Amino acid sequence: MDPREQSLLDAVPTGLLIGGQWRDASTGARFGVDDPATGQQLTTVADASPADAMAALDAAAAAQEEWAATAPRVRGEILRKAFELITARADDFALLMTMEMGKALPEARGEVAYGAEFLRWFSEEAVRVAGRYQTAPDGKSRFLVLRKPVGPCLLITPWNFPLAMATRKAGAAIAAGCTMVIKPAKLTPLTTLLFAQVMLEAGVPAGVLNVIPTSSAGSTTGPLIADPRLRKLSFTGSTEVGVTLLQQAAENVLRTSMELGGNAPFLVFADADLDAAVDGALAAKLRNIGEACTAANRFYVQAPVAEEFSRRLAEKVAAKRVGRGTEDGIDIGPLIDERSRDKVHALVTDAVARGARVVTGGGPVSGPGWFYQPTVLSNVPADATVATEEIFGPVAPIITFDTEDEAVELANSTPYGLIAYAYTTDLNRALRLPERIESGMLGLNSGVISNPAAPFGGVKQSGMGREGGFEGIDEYLATMYVGIPSPF
Ligand code: NAD
């Protein structure tokens with residue numbers, strides 16, 4: 001292995017973080033973390049058991065009262081320090097993410113900046129949590145309204161953005177005064193472990209932030225969700241797992257935030273600036289190798305420009321360089337594992353069998369590693385599986401439409417509603433679309449809109465709750481109303 005990669009791996013903690021201590025799993029078990037670009041194991045990490053998870057919740061519950069009483073400014077300063085430490089170690093975080101997740105280094109650096117920014121944003125929000133004092137309408141009483149930390153949280157994160165998905169939950173929880181147990185994805189625990197180490201360095205007290213990587217997510221988190229000391233579950237991942245977790249959370253009427261799957265439509269109207277639309281399409285489709293919940297999943301292009309849009313998009317897609325993300329000049333890394341690569345190829349094969357045309361790409365790249373050619377498909381039937389399921393890969397299916405009504409109907413014809421994209425230069429249309437499209441977010445003449453200062457989240461089966469923005473901290477606060485008789 002490259003010496004720089006080896007020395008980074010040697011420096012990353014690989015234990016469980018419980019009560020401020022790095023520990024082995026109580027069973028002594030460990031599991032392997034692989035590089036998806038080579039299929040080789042990078043290292044192993046401690047494999048938390050249900051008993052370890054319970055020890056982490058014990059630590060979080062024990063730390064809660066004192067942490068909630070900490071001055072908001074102190075919590076804010078810890079987050080600000082963490083932002084600075086991560087920024088100073090951006091190269092380490094980026095390389096580690098590329099090694100365990102696959103995205104190309106420039107994109108990994110982008111995620112470090114994005115992920116760290118949640119900490120800066122919430123460092124500023126920590127001191128702005130306010131309640132109110134109000135006269136009742138009849139003047140006979142007063143209302144005192146408090147905003148209090150909700151309590152110990154379980155934060156479950158996915159593998160596709162290993163840093164940012166952790167910081168946007170943990171940053172808000174810390175700002176609000178909540179303690180937490182983080183369960184990172186089995187495929188990418190290393191970035192979260194390095195993040196946890198930095199949080200300790202930034203001054204997070206023992207027990208406030210605990211991390212439990214595990215190879216058996218359900219059996220490890222189940223007992224925590226059933227424990228009445230847990231007050232909040234925040235999950236980012238697939239809708240399928242989200243539904244299971246919501247059912248478990250219902251037992252104790254747990255507060256939940258759910259950032260689930262997407263199936264983003266990307267609408268290009270004939271009046272669009274086509275160059276901008278093609279660039280936006282590239283960003284919305286190929287960012288993170290297509291493995292983003294915000295990835296454009298279905299391109300609906302108005303008939304007069306469909307041919308031209310496909311041609312221009314395919315030309316740029318074909319120029320993308322596929323390879324291990326650590327190498328210079330690489331745009332597209334590998335998919336996360338063999339199963340994901342095979343799933344992407346099955347969706348392409350199905351679309352082609354139904355009459356779609358491969359404009360560029362169309363197949364896996366021979367190994368090692370789980371690479372897939374960036375692909376553009378045209379003449380895709382609207383009901384092809386590639387358009388109805390989340391692809392999670394670098395494949396752009398293009399479907400033609402005639403009218404705005406038809407485009408809106410197609411865009412909304414999904415149980416998901418995370419994000420949509422639309423390109424148009426017609427002002428009235430641009431103002432109409434946000435009112436007609438069923439999604440939590442809309443990129444208007446823009447292919448990437450995620451921003452820590454904006455509320456991220458979905459409607460329908462894409463979830464509930466918002467992360468980032470002014471809204472992000474609300475997810476970790478409970479409102480208390482105190483009724484007081486009028487002093488007059
Ligand atoms: P996943 O649902 O398989 O796993 C997500 C996390 O849940 C992982 O940590 C996993 O170990 C854990 N998990 C799995 N089964 C569990 C169970 N029974 N109990 C408790 N935890 C369990 O999703 P993934 O493959 O890691 O991520 C991809 C999915 O995440 C996609 O659907 C994508 O759209 C979605 N995603 C959504 C957002 C968003 O903000 N809406 C952001 C990123 C990813």
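From a predicted model like this one, the values you see are computed outputs, not experimental measurements. Atoms within a ligand are numbered from 1 in the order they appear, just like the ligands themselves.
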Checklist line | Residue and atom name of the nearest protein heavy atom (relative to atom 32 (O) of ligand 1), distance in Å to one decimal | finding: Glu390 OE1, 2.8 Å
Next item on the list: State whether the shortest distance between N or O atoms of Trp159 and N or O atoms of ligand 1 falls below 3.5 angstrom.
Entry: yes
Notebook entry, point to check: For ligand 1, which atoms have a heavy atom of Val241 less than 4.0 angstrom away?
Noted result: 2 (O), 13 (N), 14 (C), 15 (N), 16 (C), 17 (C), 22 (C)
Margin query: Need the ligand 1 atom indices (1-based, order shown) with element for anything under 4.0 Å from a heavy-atom of Phe392.
Written below: 28 (C), 31 (C), 33 (C), 34 (O)
Checklist line | Charged N-O contact under 4.0 Å between Glu291 and Lys103 | finding: no
Note to self: For a quick check under 3.5 Å, do Lys183 and Thr192 share a side-chain donor-acceptor pair by atom type?
What the structure shows: no
Check: How does Thr221 reach ligand 1, by side chain, by backbone, by both or by neither, if only non-hydrogen atoms under 4.0 Å count?
Finding: side chain
Note to self: Checking contacts now, so for atom 34 (O) of ligand 1, which I'm interested in, is there any protein heavy atom under 4.0 Å?
What the structure shows: yes
Check: Under 3.5 Å between some N or O of ligand 1 and some N or O of Thr244?
Finding: no
Notebook entry, point to check: Among protein heavy atoms, which sits nearest to atom 8 (C) of ligand 1, and what does the distance come to when rounded to 0.1 Å?
Noted result: Thr157 O, 3.3 Å
Next item on the list: Please state whether the rings of Phe118 and Phe122 are parallel, tilted or perpendicular, taking 30° and 60° as the class boundaries.
Entry: parallel
Item checked: Nearest neighbour in protein (non-hydrogen) for atom 21 (N) of ligand 1 -> Ala217 CB, 3.6 Å
Check: Side-chain donor-acceptor pair under 3.5 Å between Thr414 and Arg298, yes or no?
Finding: no
Note to self: If you define the side chain from C-beta out and look only at heavy atoms, does anything of Gln373 sit under 4.5 Å from Ile332?
What the structure shows: no
Notebook entry, point to check: So do the side chains of Pro374 and Val322 get within less than 4.5 Å of each other, counting heavy atoms only?
Noted result: yes
Checklist line | Lys/Arg-Asp/Glu bridge criterion (N-O < 4.0 Å) met for Asp474, Arg466 | finding: no
Checklist line | Arg147/Glu125 ion pair, N-O < 4.0 Å | finding: no
Check: For atom 12 (C) of ligand 1, what is the nearest protein heavy atom, given as residue, atom name and distance?
Finding: Ile156 CG2, 3.8 Å
Notebook entry, point to check: Taking it one step at a time, do Leu254 and Leu154 satisfy side-chain contact (heavy atoms from CB on, under 4.5 Å)?
Noted result: CA-CA 11 Å; Leu254 207 54; Leu154 173 60; over 6 Å; no
Item checked: ligand 1-proximal atoms of Thr239, by part, heavy-atom distance under 4.0 Å -> neither
Notebook entry, point to check: Looking only at protein heavy atoms, which one is nearest to atom 27 (O) of ligand 1, and how far off is it?
Noted result: Pro158 CB, 3.5 Å
Check: What is the closest protein heavy atom to atom 36 (N) of ligand 1, and at what distance does it sit?
Finding: Cys293 CB, 3.5 Å
Margin query: Quick check on contacts: which atoms of ligand 1 are under 4.0 angstrom from a heavy atom of Gly218?
Written below: 17 (C), 18 (N), 19 (N)
Item checked: Identity and separation of the nearest protein heavy atom to atom 44 (C) of ligand 1 -> Asn160 ND2, 3.3 Å
Notebook entry, point to check: Are a donor atom and an acceptor atom from the side chains of Glu100 and Thr191 found within less than 3.5 Å of each other?
Noted result: yes
Margin query: Taking distance alone, with N or O pairs closer than 3.5 Å, would you say Arg168 contacts ligand 1?
Written below: yes
Note to self: So Met258 and Leu245, do their side chains get closer than 4.5 Å, heavy atoms only?
What the structure shows: yes
Margin query: Please classify the Gln248 to ligand 1 contact at 4.0 Å (heavy-atom distances, strictly less than): side chain, backbone, both or neither.
Written below: neither
Check: Would one find an N or O of Lys186, backbone or side chain, under 3.5 Å from an N or O of ligand 1?
Finding: no
Check: Is there a heavy atom of Phe161 sitting under 4.0 angstrom from any atom of ligand 1?
Finding: no
Check: Out of curiosity, is Leu418 lining ligand 1, as in a heavy atom under 4.0 Å away?
Finding: yes
Next item on the list: Classify the ring geometry between Tyr423 and Phe266 as parallel (under 30°), tilted (30 to 60°) or perpendicular (over 60°).
Entry: parallel
Item checked: Nearest option to atom 23 (O) of ligand 1, as decided by whichever heavy atom of Pro189, Gly463, Ser238 sits closest -> Ser238
Next item on the list: Taking only heavy atoms of Leu245 into account, list the atoms of ligand 1 that are under 4.0 Å away from them.
Entry: 19 (N), 20 (C)
Checklist line | Identified side chain to side chain donor-acceptor pair (under 3.5 Å) partner of Ser234 from the options Arg255, Lys169, Glu259, Glu475 | finding: Lys169
Next item on the list: Select the closest option to atom 5 (C) of ligand 1 among Asp337, Ile419, Thr236, judged by heavy-atom distance.
Entry: Thr236
Notebook entry, point to check: Are Trp370 and Phe392 near enough that their ring centres are under 6.0 Å apart?
Noted result: no
Checklist line | Nearest protein heavy atom with distance in Å, relative to atom 7 (O) of ligand 1 | finding: Phe235 CE1, 3.2 Å
